[in-house]
Protein chains: 2
Amino acid sequence: MPDEFLLDEQTCFALYAASRAVTDTYRPLLGELGLTYPQYLVLLVLWESDARPVKEIGEALHLDYGTLSPLLKRLEANGLLTRARLPADERTVVISLTEEGRSLRTRAAGVPSAIGCALGLDDTERRQLIDTLRRLTASAASYSSGGFDAQP
Amino acid sequence: MPDEFLLDEQTCFALYAASRAVTDTYRPLLGELGLTYPQYLVLLVLWESDARPVKEIGEALHLDYGTLSPLLKRLEANGLLTRARLPADERTVVISLTEEGRSLRTRAAGVPSAIGCALGLDDTERRQLIDTLRRLTASAASYSSGGFDAQP
DNA sequence: CCGGATTACCTTGCGCACGATGTAATCGTG
DNA sequence: CACGATTACATCGTGCGCAAGGTAATCCGG
C-alpha cells in the first residue's frame, strides 16, 4: 500500500503551500498601498458595505476578535477607518471607512486583475476550484466544530 | 460589469479560508500528540527520510530559516529531534529524529485517514484539486519571485 | 425589577510566516 | 594563498491566527 503519510501530505500541504504562494503574490502589490493581505480582506468587506460591526466582519472573513481587534486598531492608526460604539447598544463597535479608506479602493483597482492573471487559471478551472474549496471548507468546519455530536 | 473586488475575493479568499479550515481540523488531532500543523509537516519530511539538513526541509515545505530555526528548536526541546553540525561542512545543521520522534509516527497513524475523511472529497476530486493547486502555486511563484523580468 | 446568563469586544500569550540583518564557514578567483 | 563572494544558518521585529481569560452592556426568567 502507498505511504499514507505521503498521500495525506498532498491535499493539505498543497492547500497550505498554495495559500502562502498566493499571499506572496499579493504582498508586493498591497505593500505599495501599505496593506497586508488580511487588512485588504477587511477593506474588501467594508468597500462592499460600510459601517459594519466587528462581529459581521469576523463572520465574513471567519476571523475572531483576537485577530480582528489589533488588526482594526492598526488600520485605524493608519487613518483608513474609525471605530465607534453604537449608541443603541454600547457593546457593539461599528467600523466605518474614512475618506482615505474609501479612496484607497481606486488605488487598488488594478490588484484583482493582476492577481487573477498571476494565478494562471481559466474561468472553468477557477469556478471549479472555488466550488471544491467551498465544499471542503464546509466539510472540515462541520468536523472541527461539531461534526456528529455538536451541542449548541 | 460584476464587481471585481468581489470576484477577486472568491478564489483567493476561498483558498485562504479552506487552508485555515483544514488546519482547524488537524488541531485537535495533533494537539493530542503535542504538535502543531507546521511541526507535523516537518515530521512528515523526516519520517520519509531522516537526517536531513535544515535547507532541505525548508525546500520541501517552502519555508525559510526564520520560520524553521525556532520551530526546530521547539521540536528539539520537546525531545523529538536533534541538531548537529556536519563535520564535513560546519555551516550545515543536520536534523535527526530521536527514538521518540520516530515512535511518534505510530501514534500519528490515524491522522491521515481522519483528515481525508473530514475533507469529504472523493478520489477524483482530490486528485483534480491537487493538480489545480500545484499549477496555481507554480504560476503564482513564477510571478512573485521573478515573473517576466527576474535577474539571477 | 433583580440577578444570572448571554453577547460583543478586548487583552495576553504562543506559535507561525516573512523581511531584514548578522555571523561563521566555505568557495572561487586571481 | 589571500580575499571577496557565497552559503547555511540564526536572530530580531512585525503581523497574523487562535485559545484563554477578562470586562462591560444587554437580555431574560422569575
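What's counted below: heavy atoms across the whole structure, side chains too, no hydrogens, waters or symmetry copies. Bear in mind that the values here come from a model prediction, so they are computed numbers and not experimental data.
Under the 30°/60° scheme for interplanar angles, the aromatic rings of Y40(A) and Y26(A) are found to be tilted.
Contact annotation: T36(B) reaches the phosphate of dC16(C) (side-chain N/O to OP1 or OP2, under 4.0 Å). Applying the 4.0 Å criterion to OP1 and OP2 of dG15(C), one finds that Y37(B) has every side-chain N and O outside that range. Remark: R20(B) is not in phosphate contact with dG17(D), judged by side-chain N or O atoms under 4.0 Å from OP1 or OP2. For the OP1/OP2 pair of dA10(D) and a distance below 4.0 Å, the side-chain nitrogens and oxygens of S69(B) include at least one atom meeting the criterion. Phosphate contact (OP1/OP2 of dC16(D), side-chain N/O of R74(A), threshold under 4.0 Å): present. OP1 or OP2 of dA10(D) sits under 4.0 Å from a side-chain N or O of R83(B).
A residue-by-residue look at P70(B) and K55(A) shows that K55(A) has its nearest nucleotide of DNA chain C further toward the 5' end. Each of L86(A) and E56(B) lies near DNA chain D, and the nucleotide nearest E56(B) is the one positioned closer to the 5' end. Each of A88(A) and D64(A) was assigned the nucleotide of DNA chain D with the nearest heavy atom; the assignment lying further toward the 5' end belongs to D64(A). Both A21(A) and K73(A) lie near DNA chain C, and the one whose nearest nucleotide falls closer to the 5' end is K73(A).
Side chain of Y65(B), nearest nucleotide from dC16(D), dC10(C), dC9(D): dC9(D). The E90(A) side chain lies nearest to dA25(D) when the options are dC18(D), dC9(D), dA25(D). Considering only the side chain of R91(A), dT7(C) comes nearest among dT7(C), dG17(D), dC9(D). Side chain of T92(B), nearest nucleotide from dC9(C), dC18(C), dC9(D): dC9(D). Of the candidate nucleotides dA17(C), dA25(C), dC16(D), dC16(D) has the atom lying nearest to any side-chain atom of P38(A). The side chain of V93(B) has dC9(D) as its nearest neighbour among dC9(D), dG17(D), dC16(D).
Here the C1' atom of nucleotide dG15(C) and the CG atom of L30(B) are 14 Å apart, to the nearest Å. Between the C1' atom of dG15(D) and the CG atom of L68(A) lies a distance of 13 Å, rounded to the nearest Å. One atom, NE2 of H62(B), and another, C1' of dC16(C), lie 17 Å apart when rounded to the nearest Å. Look at CG on L35(A): it is 18 Å from P on dT14(D), rounded to the nearest Å. Remark: P of dG28(C) and CG of D89(B) are 12 Å apart, rounded to the nearest angstrom. In this structure, the CZ atom of R85(B) is 8 Å from the C1' atom of dA8(D), given to the nearest Å. Look at CZ on R27(A): it is 6 Å from P on dC18(C), rounded to the nearest Å. Note: CG (N78(B)) to P (dC14(C)) measures 14 Å, nearest angstrom.
Here the side chains of V42(B) and L63(B) are not in contact, with every heavy-atom distance at 4.5 Å or above.
Of all heavy-atom pairs between V94(B) and A51(B), the closest is CG1-C, 3.6 Å. Taking each heavy atom of Y37(B) and L30(B) in turn, the nearest pair found is CA-CD1, 3.6 Å.
Using a 4.0 Å cut-off between a side-chain N of Lys or Arg and a carboxylate O of Asp or Glu, K73(B) and E76(B) do not qualify as a salt bridge. The residues D131(B) and R127(B) are annotated as not salt-bridged, no charged nitrogen and carboxylate oxygen being separated by less than 4.0 angstrom.
Among the heavy atoms of the strands lying under 4.0 Å from L71(B) are primed sugar atoms or P, OP1, OP2 only; no base atom is included.
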